[in-house]
Amino acid sequence: MSGKHLEIKGQVERITYYNEENGYTIARMKVQGRVGVVSVVGTMHSINPGEILKLVGFWDNHEKYGEQFKVVSYEQVMPATAKGIEKYLGSGMIKGIGPVTAKRLVARFGKETLDVIEHDIERLYEVPGIGEKRIEMIKSAWELQKEIKDVMVFLQGHGISPTYAMKIYRQYGKDSVKVVKENPFRLAMDIFGIGFITADKIAEKLGVPKDSRIRAEAGIVYVLHELSDEGNVFYPYTPLIERCREILDIDEENIRNALNGIASEGKVVIEEASSYPYPPTEEKAVYLKKFHVSETGIARQLYSILSYPKQLRLVNVERALEWVQRSLGMVLSEKQMEAVKDSINCKVMVITGGPGTGKTTIIKAIIKIYERMGQKVVLTAPTGRAAKRMAETTGCEAKTVHRLLEYNPTEVSKESSGFKRNESNPIEGDLIIVDEASMMETILTYHFLKAVPKKATLIFVGDVDQLPSVGAGNVLKDIIESGVIPTVRLKEIFRQSRESMIILNAHRINNGEMPLFGKRGAEATDFYFIQVESPEEALDRLVYLCREGIPRRFGYDPLEDIQVLSPMYKGVVGVANLNSELQRILNRNTDEIARGGKRFKRGDKVLQLRNNYDKDVYNGDIGRIVEIDRELQEIRVDFDGRIVPYDFEELDELVLAYAISVHKSQGSEYPVVIMPVMTQHFMLLQRNLIYTGITRGKRLVVLIGTKKALAIAVKNNKTQLRYTLLRSRLIKEQARFSRST
């Protein structure tokens with residue numbers, strides 16, 4: 001190794017590796033005075049193939065990879081040769097120019113190409129195949145590149161990756177540097193993908209003191225958001241202070257003062273919780289304001305609907321039941337008839353039960369009766385997949401809750417929630433049925449109930465024994481346990497469903513019993529358990545089953561029909577490693593793009609990570625990449641026949657979906673589910689998690705692991721406590737109403 005720094009100059013041939021977080025890059029370059037290509041390594045943000053770089057550093061001999069140039073500093077230089085310009089433009093750095101367009105431009109203008117784009121862009125009309133729309137795109141992208149250069153230099157100099165730097169620029173424009181300097185913690189609140197930890201590092205580099213008020217306030221809000229991501233609507237005061245102290249590493253007095261400060265500003269609400277019976281606590285409850293408004297609003301709105309006089313009046317309920325059974329061509333069970341009667345007599349009710357207990361039949365019967373009475377029926381569900389399945393099973397239109405409420409993200413502001421449907425513009429319907437209600441989280445439930453007309457009948461349908469919502473709260477469970485809302489719990493498994501070992505075993509697990517395995521007589525079951533001892537063996541068997549075992553024996557398509565679910569993200573059979581292995585085995589496509597440490601290929605299964613109302617895709621939606629367009633810098637994803645474009649800078653919203661977490665599978669069904677169950681997942685082995693995973697499979701479920709791990713899960717009926725006061729608020733609301741009447 002040479003201790004003396006040298007300067008070399010060359011052209012980037014390709015990027016071998018790039019770490020989005022820290023800019024660490026391994027590239028291959030043609031260097032002046034050297035034969036062939038050489039490896040250069042070091043921190044180099046957003047360099048592109050075709051660029052000319054001046055590098056300062058030293059030569060080093062790596063034990064495994066041989067000679068490398070270690071970069072200490074670098075400078076980007078515009079390419080001077082026609083070939084260099086073609087490679088530079090064709091790398092995808094300018095939206096509207098890809099390899100094909102770059103070739104055409106250089107063929108026409110040669111070494112003058114960059115000058116033409118910079119000073120005389122109208123001349124691009126001289127190039128065949130380039131029209132007005134494409135020229136406008138190139139012009140905007142080129143100007144954007146110039147405009148943001150100073151911003152990018154500043155941001156990247158403070159440890160912000162190019163992808164995040166671009167997001168910051170798009171959020172704040174020319175004010176980006178000003179915003180970051182004044183309050184870097186705004187980034188964590190305003191921009192998806194930038195958390196408090198990243199913002200805190202930037203603040204430290206900008207000289208923000210560790211014990212500053214602005215840092216303490218931002219840290220508290222961050223911790224409360226993290227706790228809400230864990231399902232909590234509020235958090236007890238003392239544990240909150242302790243958690244903030246651990247993360248911020250400042251004294252308690254600073255944290256208490258900052259908490260009082262943001263409470264006086266209305267950002268959080270601190271409420272005495274000792275008067276509430278559940279959960280029992282002597283602590284104060286600390287809420288982010290939006291959660292306090294939503295939780296108190298749910299109790300108020302729900303009881304307002306419940307106490308409004310019933311509009312539907314049937315002269316003879318028994319005759320209605322006889323008629324609907326004839327219409328459906330079936331005999332309803334006693335519990336099913338109870339549910340239908342309650343739907344006629346009650347303003348608000350809950351129908352809950354596991355798979356095969358007849359929830360769909362009840363919904364069909366209720367819809368028929370209400371339509372016969374001339375009532376307008378509205379069906380909705382929290383996710384697109386759940387709404388689609390509801391429509392398929394009932395034969396009626398069903399919308400997502402967001403679509404039903406006519407959500408418009410462009411109208412979100414301090415004054416507007418973005419939901420067009422609300423108290424002053426309610427949903428038009430006499431009967432509103434919400435399916436998969438266990439997935440309804442606190443804030444969405446509040447906005448939904450605001451839009452439910454008081455005269456309407458409201459029915460929640462769901463399986464309360466499944467995992468609770470991904471978002472904060474445990475709304476369906478709290479409603480049931482409050483005792484305020486009439487609830488019908490279905491337990492009987494119907495004859496046709498008893499034929500399914502998936503359904504029988506789901507109920508056994510839910511009752512704390514081990515599932516049954518093997519064959520029934522000579523007939524193969526739809527439920528299998530494969531015993532393996534190590535995670536490595538589990539991975540091998542799982543990959544084999546996806547690639548050939550199940551497709552060959554049962555005829556299912558590995559990508560369309562099989563969904564791998566895992567209880568955890570890390571580890572050999574965690575979601576991350578499973579995706580890497582399954583992508584390698586199941587998708588041999590070479591058309592790929594790397595972003596933020598992730599590789600996406602044409603044909604990949606991908607999962608949407610957050611609600612994106614502009615694109616009308618939601619957290620948990622699964623699609624397939626059908627095209628990677630380097631000229632337009634976007635990939636296109638097919639979500640159930642609808643093609644949705646993603647700019648390259650939006651790819652942090654997507655992850656591979658060959659394997660997904662059980663939580664992300666909620667509200668969906670798949671022909672085949674494969675799920676590893678290992679003792680390494682010990683902390684996550686819970687009954688409701690295994691139950692939820694199994695009930696996602698329609699035709700075939702395969703568990704791979706140890707029976708010990710499965711037994712641990714089946715016995716563990718303890719669910720993670722979610723701090724919510726909705727149950728108690730509903731009871732109090734009922735008592736308040738009783739006193740006033």
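- Residues Ser661 and Leu565 come closest through the heavy atom pair O-CD2, 4.3 Å.
- The two residues Ala27 and Ile15 come nearest to each other via the heavy atoms CB-CD1, 4.1 Å.
- Listed for the Asn260 side chain is a donor-acceptor partner under 3.5 Å among the backbone atoms of Arg256.
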Go through the steps for Glu242 and Thr238 under the test side chain to side chain contact (heavy atoms under 4.5 Å, CB included), then give the verdict. CA-CA 6 Å; Glu242 179 57 26; Thr238 304; 5.8 Å; no
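- Take Ala657 and apply the side chain to side chain contact (heavy atoms under 4.5 Å, CB included) test, not counting sequence neighbours, and it matches Lys605, Leu607, Ile622, Ile660.
- With sequence neighbours left out, His225 forms a ring-ring contact (aromatic ring centres under 6.0 Å, His included) with no residue at all.
- With salt bridges taken as basic N to acidic carboxylate O contacts below 4.0 Å, one links Arg610 and Glu653.
- With rounding to the nearest 0.5 angstrom, the CZ atom of Arg722 is 10.0 Å from the NZ atom of Lys477.
- Under the 4.5 Å side-chain criterion, counting only non-hydrogen atoms from C-beta, Tyr172 is in contact with Ile191.
- Considering all non-hydrogen atoms of both residues, Leu53 and Tyr74 come closest at CD2-CD1, 4.4 Å.
- Here the side chain of Asn474 pairs no donor or acceptor atom with the backbone of Pro468 at under 3.5 angstrom.
- Using a 4.0 Å cut-off between charged nitrogen and carboxylate oxygen, Glu650 and Lys615 count as a salt-bridge pair.
- Once rounded to the nearest 0.5 Å, the distance linking OG1 of Thr383 with CD of Gln608 reads 13.0 Å.
- In this structure the side chain of Met44 reaches within 4.5 angstrom of the side chain of Leu55, judged on heavy atoms.
- Residues passing the salt bridge (charged side-chain N to carboxylate O under 4.0 Å, His left out) test with Asp465, sequence neighbours excluded: Arg489.
- Residue Leu302 comes nearest to Leu449 through the heavy atom pair CD1-CD2, 3.9 Å, listed as atom of the first residue, atom of the second, then distance.
- At least one side-chain heavy atom of Ile270 sits less than 4.5 Å from a side-chain heavy atom of Leu259.
- Counting heavy atoms from C-beta outward, Val434 and Phe448 have side chains that approach closer than 4.5 Å.
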Tell me which donor-acceptor pairs under 3.5 Å the side chains of residues 286-293 have, and how far apart each pair is, sequence neighbours excluded?
from   : atom 1 : to     : atom 2 : distance (Å)
Tyr287 : OH     : Glu295 : OE1    : 2.5
Tyr287 : OH     : Arg729 : NH2    : 2.9
His292 : NE2    : Glu271 : OE1    : 3.0

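- Asn577 contributes no side-chain N or O that, together with a main-chain N or O of Gly574, makes up a donor-acceptor pair within less than 3.5 Å.
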Evaluate the side chain to side chain contact (heavy atoms under 4.5 Å, CB included) criterion for residues Tyr691 and Asp463: first the C-alpha distance (whole Å), next the side-chain angles of each, then the deciding distance (0.1 Å), finally the verdict. CA-CA 11 Å; Tyr691 172 74; Asp463 185 349; 2.5 Å; yes
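- Side-chain contact between Val41 and Tyr24: present, with at least one pair of heavy atoms (C-beta onward) separated by less than 4.5 Å.
- The CZ atom of Arg245 lies 10.5 Å from the CD1 atom of Ile241; values are rounded to the nearest 0.5 Å.
- Ring-plane geometry between Tyr646 and Phe639 is classed as tilted, the angle between the planes lying from 30 to 60 degrees on a 0 to 90 degree scale.
- Residues Val475 and Thr442 have side chains in contact (heavy-atom distance under 4.5 Å, counting atoms from C-beta outward).
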Stepwise, does the side chain to side chain contact (heavy atoms under 4.5 Å, CB included) test hold for Tyr446 with Arg300? CA-CA 10 Å; Tyr446 169 58; Arg300 188 176 62 253; 4.2 Å; yes
Verdict with supporting geometry, Val637 and Phe600, side chain to side chain contact (heavy atoms under 4.5 Å, CB included): CA-CA 11 Å; Val637 182; Phe600 293 110; over 6 Å; no
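- Screening Leu582, Asn579, Ile625 against Leu656 for a side-chain contact (heavy atoms from CB on, under 4.5 Å) leaves a single residue, Asn579.
- Atom-to-atom distance recorded for Ser212:OG and Phe185:CZ is 6.0 Å, nearest 0.5 angstrom.
- Partners of Glu253 according to the side chain to side chain contact (heavy atoms under 4.5 Å, CB included) rule, which considers only residues two or more places apart in sequence or in another chain, are Asp251, Asn257.
- Distance OG1/Thr445 to CG/Leu726: 8.5 Å, rounded to 0.5 Å.
- Residues Ser566 and Val575 share a closest heavy-atom pair of CB-CG2, 3.9 Å.
- Taking the ring-ring contact (aromatic ring centres under 6.0 Å, His included) definition, one finds that Tyr222 meets it with Phe196, sequence neighbours left out.
- Legend: side-chain hydrogen bond (donor to acceptor under 3.5 Å, both in side chains) pairs involving residues 226-235, not counting sequence neighbours, sorted by first then second residue: Glu230-Arg243.
- When all heavy atoms are compared, the tightest approach of Gln686 to Lys718 is NE2-O, 3.6 Å.
- By the 4.5 Å heavy-atom criterion applied to side chains, Lys95 and Asp647 are counted as neighbours.
- Applying the salt bridge (charged side-chain N to carboxylate O under 4.0 Å, His left out) test to residues at least two apart or on different chains, the pairs with a partner in residues 186-199 are Arg186-Asp190.
- Annotation: salt bridge (charged side-chain N to carboxylate O under 4.0 Å, His left out) contacts of Glu423 (sequence neighbours excluded): none.
- Contacts of Lys210 classified as salt bridge (charged side-chain N to carboxylate O under 4.0 Å, His left out), with partners at least two apart in sequence or in another chain: Asp249.
- A search for salt bridge (charged side-chain N to carboxylate O under 4.0 Å, His left out) contacts involving Glu204 returns nothing, not counting sequence neighbours.
- Here CG of Asp478 is found 9.0 Å from CG of Leu725. Values are rounded to the nearest 0.5 Å.
- Residues satisfying the side chain to side chain contact (heavy atoms under 4.5 Å, CB included) test with Thr692, not counting sequence neighbours, are Gln466, Leu467, Val662, Gln666, Arg696.
- Side chains of Ile731 and Ser482 form a contact here, defined as non-hydrogen atoms less than 4.5 Å apart.
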